[in-house]
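Here's the structure we're looking at; comments come further down.
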Protein chains: 2
Amino acid sequence: MYLSSLTELALASRLKSLSDRFYNAGDEVYRNAGARIESRWFPVMRFLWEQGPATVNDVAAAIGQTHSAVSQLTDKLVRAGMAKRQGDAADGRRSLLTLTTKGSRALAELGIVWAAIRQGVKDSLGAEGTQLLAAIEACERALDEQPIVPNILNRHAALAASKVVIVPFRTELREHFHALNAAWLRKYFVIEPIDEKVLRHPEEFVLKPGGAVFFAMLGDEVIGTCALLRDAPGVYELTKMAVDESFRGLGAGRQLLDAAIDEFRRGKGTMLFLESSKKLKPALHMYQRAGFVLQSANRPDSHYARADVYMIYAPPKKSAAKPRKRIAGKA
Amino acid sequence: MYLSSLTELALASRLKSLSDRFYNAGDEVYRNAGARIESRWFPVMRFLWEQGPATVNDVAAAIGQTHSAVSQLTDKLVRAGMAKRQGDAADGRRSLLTLTTKGSRALAELGIVWAAIRQGVKDSLGAEGTQLLAAIEACERALDEQPIVPNILNRHAALAASKVVIVPFRTELREHFHALNAAWLRKYFVIEPIDEKVLRHPEEFVLKPGGAVFFAMLGDEVIGTCALLRDAPGVYELTKMAVDESFRGLGAGRQLLDAAIDEFRRGKGTMLFLESSKKLKPALHMYQRAGFVLQSANRPDSHYARADVYMIYAPPKKSAAKPRKRIAGKA
DNA sequence: GAAAATTATGTAAGCACTAACATAACCAGC
DNA sequence: GCTGGTTATGTTAGTGCTTACATAATTTTC
């Protein structure tokens with residue numbers, strides 16, 4: 001699913017849709033089991049059932065919703081004959097919500113339905129269900145203790161102060177060349193032996209034959225990398241492009257690409273190609289915008305099992321790359 | 001929070017409220033960071049940004065919503081000048097959604113905001129955040145593979161066919177006496193040495209001194225237990241009452257209680273008491289309904305550190321317990 | 001090549017919730 | 001005892017989504 005690739009950014013949407021799925025499942029179960037209640041009623045009714053009569057605010061606080069929501073829900077319960085409102089004699093503002101006998105009877109009959117739900121959820125979700133519950137619990141607590149927005153804004157201020165800079169290979173950054181690439185390789189494919197060799201020893205397999213490695217830095221964090229590999233005299237391969245997931249969208253990929261293309265031209269290269277996979281759509285778009293052209297056939301003697309895309313650098317004539325570079329520098 | 005005590009039963013409500021919290025947090029962040037977008041727009045806009053122009057249905061499928069939702073959201077994006085609709089020349093039914101330059105520019109500026117969100121979420125939620133994402137992912141997959149409703153309905157049918165039966169102690173059930181009690185003790189308190197002793201050796205510490213242990217069975221599953229402990233001649237303590245969380249609401253607790261009270265009367269006991277904790281509200285209600293009366297002071301020489309409630313069995317005269325038993329048997 | 005089915009999209013009505021306001025009851029401090 | 005603030009609740013309008021329906025374009029089927 002597309003949303004899962006956005007990880008933290010689309011949390012709310014995914015939670016919402018999971019929530020809807022469970023609400024619907026609940027309603028379907030109640031309907032099929034002959035229960036006369038709806039899944040949205042459950043928290044309020046169960047609370048009244050367990051704890052006895054309570055005020056609107058009590059209920060709202062317990063189930064974590066606004067008093068309005070509870071008040072409106074109560075209207076429905078009253079209309080359905082499940083609950084009633086009684087003025088509190090001691091305090092005229094309050095009104096006690098109570099289950100009617102019809103309401104308590106409806107709940108009393110639900111015992112085995114609840115047991116079935118608990119078991120059924122365990123059957124379907126297994127350990128994931130327990131894990132989900134635990135994670136929800138933990139997040140609720142974490143959000144209560146440490147509000148998330150100020151945290152994000154602090155981070156934002158820090159990031160806004162720095163900007164992405166491309167630097168050439170340095171020995172002390174070698175580790176990152178491997179780590180950044182391993183992350184996405186593991187995610188989408190597997191790490192092939194040739195990857196491991198090159199990623200572990202860039203000096204020997206990239207630099208020495210006449211290639212280059214670049215890193216994208218944000219402040220003092222290494223957020224991306226790529227390599228220009230000399231394949232034959234004048235022939236270069238763009239490869240090992242990787243940007244840390246948390247820093248996608250900053251333009252680091254494009255800047256790395258531009259740096260590699262610059263290096264290719266400085267070296268008076270005659271051909272620059274890359275191999276990739278159809279799975280990596282956003283990357284392919286970027287390559288295309290940068291001047292790479294998709295070839296109809298795959299590269300004849302590819303190094304990679306995963307490669308099903310072959311692109312060659314062929315920018316439109318009249319030096320279209322120059323102005324582009326200025327824009328990238330500005331962004 | 002009350003909802004967390006309902007575990008699987010209130011999953012939907014809790015997911016919804018978590019979702020709302022994240023939506024609100026997102027909006028707050030965007031507002032404060034000067035971004036011109038709303039958190040609800042994000043999935044659609046990001047998708048168009050990454051994958052290029054797409055039809056309503058493409059977008060809907062990718063972000064897991066109905067085409068109507070996307071269509072309506074598009075109206076808003078168009079009104080805000082972020083996107084436009086273009087009729088597809090090849091297929092007159094379709095209309096391609098595209099970001100306007102204003103839209104793409106707005107997103108391009110969001111790079112560091114997204115990075116900040118990812119980092120900030122990690123700061124606030126830490127491992128819980130990762131765990132939550134993993135759990136969501138797993139649940140989505142599990143629900144797709146194995147629909148949950150038929151599972152629940154099967155379970156329900158099975159449960160509806162059997163009913164709760166109370167049986168006296170049997171050696172081969174000894175393990176359950178410990179397991180059922182350990183579950184709730186660990187959850188609310190800690191297991192004190194005296195608990196461990198009695199739970200592990202009910203024959204020696206409960207039966208031999210003249211007490212009794214009961215189990216509640218549903219089909220061949222042991223779902224609850226309780227013990228009647230002889231404290232002194234004619235004086236009995238009701239204790240070690242436990243019902244499996246998955247089977248709350250079936251009335252097993254009440255039936256166990258009735259069985260113990262019956263046993264107490266059969267033994268011509270003169271006093272029956274119990275100790276419990278204010279934390280266990282639903283249990284206290286049940287005890288009260290069964291005829292236990294809350295004492296103003298705690299029991300003088302309590303065995304338990306956790307006990308802050310002391311109740312004595314004193315049913316209203318004129319044999320109120322008899323009719324009650326019939327009802328319990330019927331339920 | 002016309003009829004039937006499918007696909008793509010928009011529109012309307014409804015639901016669950018929230019925010020914002022309105023009202024009434026209560027309470028604390030002078 | 002009155003006054004300003006608080007608390008408890010209801011009411012209204014608005015939002016984001018869904019379902020159900022409507023419509024038009026396209027493809028399939030005989």
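Reminder, nothing fancy here: chain letters follow the sequence lines and each chain counts from 1.
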For A:Glu140, which residues count as a salt bridge (charged side-chain N to carboxylate O under 4.0 Å, His left out) partner, sequence neighbours excluded? B:Arg14
Salt bridge (charged side-chain N to carboxylate O under 4.0 Å, His left out) involving B:Asp20 - partner list, sequence neighbours excluded: B:Lys16
In chain order, what residues pass the side-chain hydrogen bond (donor to acceptor under 3.5 Å, both in side chains) check against A:Thr55, with sequence neighbours excluded? A:Asp58
Give the table of side-chain donor-acceptor pairs shorter than 3.5 Å for residues 31-48 of chain A, with sequence neighbours excluded, one pair per line with atom names and distance.
| from | atom 1 | to | atom 2 | distance (Å) |
| --- | --- | --- | --- | --- |
| A:Asn32 | ND2 | A:Glu28 | O | 2.9 |
| A:Ser39 | OG | A:Tyr23 | O | 3.2 |
| A:Ser39 | OG | A:Asp27 | OD1 | 3.1 |
| A:Ser39 | OG | A:Asp27 | OD2 | 3.3 |
| A:Arg46 | NE | A:Glu50 | OE2 | 2.6 |
| A:Arg46 | NH2 | A:Glu50 | OE2 | 3.0 |

Residues in side-chain contact (heavy atoms from CB on, under 4.5 Å) contact with A:Gln288, at least two apart in sequence or another chain: A:Met311
Who are the salt bridge (charged side-chain N to carboxylate O under 4.0 Å, His left out) partners of A:Asp75, not counting sequence neighbours? A:Arg85
Taking salt bridge (charged side-chain N to carboxylate O under 4.0 Å, His left out) as the definition, give me every residue that meets it alongside B:Arg155, ordered by chain and number, with sequence neighbours left out. A:Asp123
Bend angle of the helix from C:dG1-D:dC30 to C:dC30-D:dG1, from helix axes over five pairs at each end, nearest 10°: 10°
Which residues share a side-chain contact (heavy atoms from CB on, under 4.5 Å) with B:Ser277, sequence neighbours left out: B:Phe189, B:Lys279, B:Leu280, B:Asp308
Heavy atoms, side chains only, cut-off 4.5 Å: are A:Leu143 and B:Leu125 in contact? yes
Going 5' to 3' along DNA chain D, which are the first and last nucleotides with any atom under 4.0 Å from a heavy atom of chain A? D:dT7 to D:dC17
Going 5' to 3' through nucleotides 9-17 of chain C, assign each nucleotide B (protein heavy atom under 4.0 Å from a base atom), S (under 4.0 Å only from sugar-phosphate atoms) or - (no protein heavy atom that close). BBBB---SB
Can you run down the salt bridge (Lys or Arg N to Asp or Glu O under 4.0 Å) pairs that involve residues 107-119 of chain B, sequence neighbours left out, and say none if there aren't any? A:Glu8-B:Arg118
